[in-house]
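Data block below; observations after.
Values below: all heavy atoms of this structure, side chains included; hydrogens, waters and symmetry mates excluded. Residue numbers run from 1 in the order of the sequence given.
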Amino acid sequence: LYMAENIEKDAETFLQLLSERVADLAVLSEIPKQIKENINFEDYQEFRNMMGECLSFLIIIERRIQLNETSKKEKLEEQYEELTVLIWSVLLDGSLNYLSVISEKEFLPIGTRYVFVQELKTLYDAENILKQEKHQHRLNNTVLNKRDKAERILETIIDRAPQLLNMTG
């Protein structure tokens, strides 16, 4: 029983901590919009680090919830799913913001190639996760619109990728 209660408390505490982290992540995801011209690598790195932290937390929480045998398991799963959608929506946002700023440039400044490659993958992952059947009822119009926008930006960027990534020899 003690173990079960601990696992439940852990899950609840972690879910709470994670939702605070996601709020921080949301703030970081808006930075590119505010500093368009002066987009810098430090801000981006901070965004990526927070992203990594949130995704790691998700894995830990998922495990705690799987181990949970109490009556609260369903409620915890519900919160977990909501946070999963929230995190990937915020990541979608951040990726869109970084990619939008980058894709407006004539060519990729030094360092942005890395950003470009990373965010292309994040966008792709977010798209795949948010497309899952189990998440459909949690997606509001804002998220759906972002997904559509992401798809369009992705297509534009993929079309421009050879020049942007200087693959045209």
Side-chain angles (χ1 to χ4, degrees), residues 10-36 39 41-68 72-104 112-161 164:
D10 276 357
E12 286 173 343
T13 307
F14 288 159
L15 282 164
Q16 182 53 49
L17 282 171
L18 183 55
S19 58
E20 291 164 14
R21 286 288 196 284
V22 175
D24 295 340
L25 186 66
V27 170
L28 294 175
S29 76
E30 293 299 312
I31 288 176
K33 278 186 187 167
Q34 297 149 9
I35 56 169
K36 270 192 166 160
I39 193 165
F41 205 66
E42 287 74 39
D43 293 324
Y44 177 69
Q45 209 47 60
E46 197 179 342
F47 171 71
R48 292 299 297 189
N49 291 344
M50 185 63 74
M51 168 188 170
E53 216 173 280
C54 289
L55 294 177
S56 299
F57 244 147
L58 269 182
I59 295 166
I60 294 167
I61 293 168
E62 184 178 29
R63 176 86 181 120
R64 289 291 194 284
I65 292 172
Q66 283 169 355
L67 294 171
N68 190 318
K72 283 190 175 173
K73 183 172 186 151
E74 212 168 295
K75 189 179 153 243
L76 292 170
E77 281 173 341
E78 192 63 28
Q79 285 178 288
Y80 172 82
E81 294 298 334
E82 278 170 25
L83 269 177
T84 300
V85 168
L86 185 60
I87 287 175
W88 283 102
S89 305
V90 170
L91 290 177
L92 188 67
D93 231 15
S95 286
L96 280 173
N97 291 337
Y98 277 100
L99 285 172
S100 299
V101 170
I102 290 172
S103 67
E104 286 166 11
T112 49
R113 179 184 179 138
Y114 169 80
V115 173
F116 176 81
V117 172
Q118 294 286 86
E119 291 321 305
L120 213 49
K121 175 149 179 29
T122 302
L123 222 48
Y124 179 79
D125 291 345
E127 178 69 9
N128 285 334
I129 285 172
L130 295 173
K131 257 187 197 160
Q132 291 172 11
E133 194 61 44
K134 66 177 176 182
H135 296 311
Q136 291 313 304
H137 66 287
R138 287 196 176 81
L139 301 181
N140 57 28
N141 283 341
T142 314
V143 178
L144 291 171
N145 291 340
K146 281 179 198 162
R147 251 186 48 195
D148 290 347
K149 185 180 173 190
E151 247 176 279
R152 285 194 306 278
I153 286 185
L154 214 46
E155 284 167 15
T156 307
I157 287 180
I158 289 171
D159 289 344
R160 283 190 59 207
L164 287 173

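- The backbone N or O of Pro32 sits nowhere less than 3.5 Å from a side-chain atom of Asn97 that would complete a donor-acceptor pair.
- Listed here is the closest heavy atom pair of Leu15 and Gln79: CD1-OE1, 3.6 Å.
- Atom NZ of Lys121 has 12 or fewer heavy atoms from other residues, nucleotides or ligands within 6.0 Å.
- Of all heavy-atom pairs spanning Cys54 and Leu25, the tightest one is SG-CD2, 4.1 Å.
- The two residues Phe57 and Leu18 have their closest heavy-atom pair at CB-CD1, 3.6 Å.
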Take Trp88 and Asp125, measure what side-chain contact (heavy atoms from CB on, under 4.5 Å) needs, and give me the verdict at the end. CA-CA 8 Å; Trp88 283 102; Asp125 291 345; 3.7 Å; yes
Determine, stepwise, if the pair Asp93 / Glu30 fulfils side-chain contact (heavy atoms from CB on, under 4.5 Å). CA-CA 8 Å; Asp93 231 15; Glu30 293 299 312; 3.3 Å; yes
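- The shortest non-hydrogen separation linking Glu12 to Leu76 is CG-CD2, 3.6 Å.
- Looking at every heavy atom in both residues, Gly94 comes nearest to Phe47 through CA-CZ, 3.7 Å.
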Derivation and outcome, side-chain hydrogen bond (donor to acceptor under 3.5 Å, both in side chains), residues Gln16 and Glu20: CA-CA 7 Å; Gln16 182 53 49; Glu20 291 164 14; 3.2 Å; yes
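- Contact check for Leu55 versus Met51: side-chain heavy atoms found under the 4.5 Å cut-off.
- Rounding to the nearest 0.5 Å gives a distance of 13.5 Å between CD of Glu127 and CG of Leu91.
- In summary, Arg48 and Glu119 engage in a salt bridge, as defined by a charged side-chain N under 4.0 Å from a carboxylate O.
- Taking every heavy atom of both residues into account, Met50 and Leu28 meet most closely at CB-CD1, 3.8 Å.
- For the atom pair CG of Leu96 and OG1 of Thr122, the computed distance is 10.5 Å after rounding to the nearest 0.5 Å.
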Might you work through the side-chain contact (heavy atoms from CB on, under 4.5 Å) test for Gln118 and Tyr98, ending with a clear yes or no? CA-CA 10 Å; Gln118 294 286 86; Tyr98 277 100; over 6 Å; no
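- Here CD1 of Ile65 is found 10.5 Å from CD of Glu78. Values are rounded to the nearest 0.5 Å.
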